[in-house]
Amino acid sequence: MVLDLDALTPSVAWVDDKIEIIDQTRLPERLDIVELSSVDAVVDAIYRLAVRGAPAIGACGALGVVVGLDERCPRDTIEARAALADLVEIIGSARPTAVNLRWSVERVGNAAAGGSTPSEIRSRALAEALMLIDEDRVACERIGEAGRRELTGLSNIMTHCNTGRLTTAGWGTALGVVYAKAAAGEPVSVMASETRPLLQGARLTVWELDDAGIEVTLMPDSSSAAAMAAGKVDAVIVGADRIVANGDTANKIGTFTHAVNARYAGIPFYVAASAATFDPSIATGDDIPIELRPSLEMTQWRGRQTAPENAATWNPAFDVTPAELITAIITEAGILRPPFDQSIRSMLGSD
Ligand code: MRU
């Protein structure tokens, strides 16, 4: 199978001094490209999941700092540095759980602050943002290859949410492993859980795998134990929004349930993520900030009522899978195994 990433529309791109994103809220009906030319538009696109997935919001946020500098036109270096600090704060707070967002905007802010004129600050910010996007593409390739080797002989892969090319500058993290298997001519098929309430699995994972000619079967979120019991799953691979020092991992709500089910069924459960998704400053998953989303996402679907209007809701966007349920973490630096506190420390070079 020939998979050519350069022939596809990127999820986030820098075009004519503006950001262009695929509006993921419109998929699978429409492949709409939306231009983001203000900080408000960047924050709004991130918040309403028009751009989503930890690496993609990191990339969009990073380029958003440049858009913000252009919008504010600082007259001198002091103003430009003040603008940077402000933009890092505003954009970095658009969503709280994926550490990639704050990590990216801070990285761009730090790299740019050393410039000695407003235009140098702007060009440094842009160079850093583009560098970070290139690095993400390389990281995806390495994750794909490391995962492909690790999962030799396992071809029925279950996944949750969407972790492919829509979420990264490359082929993705968990789905990066699937694409690497397909590209190597190995048998692979995917069980994709719907991912309620916003249906990232149904709308996005099925769309992008279908587009690449990879066999994919859509399943309800609540069917994972049954699918495993029926022998439909050799391994589970999910992405991550934040992996903390002990390996506890925040990812899309529902991930924890799949991990519990996999343990019960004796099926390996993998997390795939790049170094940018690790947050060693937090000791355990208890301290990961979990985003709570609006009720409307549960009580309506595209304007149609799916629950009583005034229903009380609890709508956490993410859950935390305890490290003890994770078989291994697939990264661009190779496979991290338990005890994760040690393997994470040595990967991040903080030993
Ligand atoms: O709320 P979303 O759709 O941004 O959540 C995305 C996920 O949970 C992904 O699994 C994660 O960000 C990894 S994307 C490579």
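Order of appearance sets the numbers: ligands from 1, and atoms from 1 within every ligand. Computed from a predicted model, the values in this text were never measured in an experiment.
The heavy-atom pair separating D221 from H160 by the smallest distance is OD1-CE1, 3.7 Å. Nearest heavy atom pair, residue A129 against residue L63, reads CB-CD2, 3.8 Å. When all heavy atoms of A212 and Y179 are compared, the pair lying nearest together is CB-CE2, 3.6 Å.
Within 4.0 Å of ligand 1, protein heavy atoms belong to L49, R52, G53, A54, P55, R95, C161, N162, T163, T167, T173, Q200, A240, D241, N251, K252, F318, listed by chain and number.
Under 4.0 Å is where a charged nitrogen must lie from a carboxylate oxygen, and between R122 and D17 at least one such pair does. Ion pairing between E145 and R142 fails under the 4.0 Å rule for side-chain N and carboxylate O.
The cationic group of R293 lies under 6.0 Å from the six-membered ring centre of Y47 and within 45° of the ring axis, placing it in a cation-pi geometry.
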